[in-house]
Amino acid sequence: MRHGIVPIVCVGEGLEIRQAEEHVLYCTAQLDASLEGLTAEQVAGLVVAYEPVWAIGTGEVATPDDAQEVCGALRSRLAERFGPETAASVRILYGGSVKAASTAGILAGPDIDGALVGGASLDADEFAQICRIAADGS
Ligand SMILES: O=C(CO)COP(=O)(O)O
């Protein structure tokens with residue numbers, strides 16, 4: 001951070017934790033631990049990504065509701081710790097098997113500012129479509 005690099009703080013639960021319905025607490029605890037020692041000013045410029053481990057590279061994308069549930073909880077936690085203005089300025093992304101077909105639904109979440117795209121970015125047409133959907137919904 002001292003050198004102006006913007007880190008992407010990735011949090012996300014494994015399948016067993018989701019099945020035990022502990023994913024929200026697990027992810028907010030990961031966020032807490034990651035931001036230890038940072039000031040609100042430093043946090044304001046961060047990018048946080050919710051990347052459930054079970055969705056990365058598996059073809060299994062979180063539902064829009066599941067993605068929003070965790071991203072909303074992450075933003076609320078940021079607000080508790082650093083204040084609402086800081087929380088509002090943090091970009092929160094969802095990552096995990098995002099494709100053009102799932103982009104609009106995921107990005108509809110009020111606390112989801114963007115997508116962290118892995119495999120789909122290797123297909124230029126697919127990636128261009130994701131970008132268009134993110135930019136103007138088309
Ligand atoms: O982890 C990711 C990007 O860092 C997501 O990858 P996929 O989109 O291939 O699941």
Side-chain angles (χ1 to χ4, degrees):
M1 296 198 82
R2 222 176 21 249
H3 298 288
I5 295 171
V6 177
I8 301 179
V9 179
C10 295
V11 301
E13 80 287 353
L15 193 55
E16 331 71 60
I17 290 167
R18 172 158 286 270
Q19 284 167 343
E21 297 184 9
E22 290 167 358
H23 48 284
V24 171
L25 268 181
Y26 185 87
C27 292
T28 52
Q30 282 185 322
L31 183 69
D32 279 344
S34 303
L35 304 184
E36 196 60 52
L38 297 186
T39 64
E41 193 182 10
Q42 288 173 315
V43 170
L46 283 182
V47 178
V48 171
Y50 169 48
E51 293 221 303
V53 175
W54 48 268
I56 298 173
T58 61
E60 189 153 345
V61 64
T63 66
D65 284 350
D66 286 343
Q68 167 57 30
E69 179 191 32
V70 176
C71 291
L74 295 174
R75 199 176 307 277
S76 296
R77 187 70 187 130
L78 290 169
E80 273 169 33
R81 287 194 58 191
F82 300 98
E85 271 182 37
T86 298
S89 77
V90 174
R91 280 167 291 167
I92 300 182
L93 315 180
Y94 166 82
S97 296
V98 171
K99 303 242 180 334
S102 50
T103 300
I106 292 285
L107 295 186
D111 290 299
I112 301 175
D113 300 315
L116 207 166
V117 181
S121 69
L122 301 177
D123 178 331
D125 289 340
E126 179 85 11
F127 188 61
Q129 209 181 329
I130 291 171
C131 293
R132 277 196 300 274
I133 292 165
D136 60 18
S138 69

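Side-chain atoms are counted along with the backbone in the values below, which use heavy atoms only and exclude waters and symmetry mates. Computed from a prediction, not measured in an experiment: that's the story for all the values here. All residue numbers refer to positions in the sequence shown, counting from 1. All ligand and atom numbering here is 1-based and tracks the order in the structure.
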How close do [X] and [Y] get, heavy atom to heavy atom, and via which atoms?
| X | Y | result |
| --- | --- | --- |
| Ala100 | Glu126 | N-OE2, 2.7 Å |
| Ala55 | Glu60 | CB-O, 3.0 Å |
| Ile130 | Ala120 | CD1-CB, 3.8 Å |
| Ala62 | Tyr94 | N-OH, 3.0 Å |

Ligand 1: protein N/O within less than 3.5 Å of ligand N/O:
{"from": "ligand 1", "atom 1": "1 (O)", "to": "Glu51", "atom 2": "OE1", "distance (Å)": "3.1"}
{"from": "ligand 1", "atom 1": "1 (O)", "to": "Glu51", "atom 2": "OE2", "distance (Å)": "3.1"}
{"from": "ligand 1", "atom 1": "8 (O)", "to": "Ser97", "atom 2": "N", "distance (Å)": "3.3"}
{"from": "ligand 1", "atom 1": "8 (O)", "to": "Gly118", "atom 2": "N", "distance (Å)": "3.0"}
{"from": "ligand 1", "atom 1": "9 (O)", "to": "Gly119", "atom 2": "N", "distance (Å)": "2.7"}
{"from": "ligand 1", "atom 1": "10 (O)", "to": "Gly57", "atom 2": "N", "distance (Å)": "2.6"}
{"from": "ligand 1", "atom 1": "10 (O)", "to": "Ser97", "atom 2": "N", "distance (Å)": "2.8"}

>> Check this for me, if you would: do Lys99 and Asp123 make a salt bridge, where the nitrogen-to-carboxylate-oxygen distance has to be below 4.0 angstrom?
In response: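 The answer is no: the pair does not qualify as a salt bridge.
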
> Got a sec, which residues hit side-chain contact (heavy atoms from CB on, under 4.5 Å) with Leu93, two or more places apart in sequence or on another chain?
Replying inline: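 Expected list: Val47, Ala49, Leu116.
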
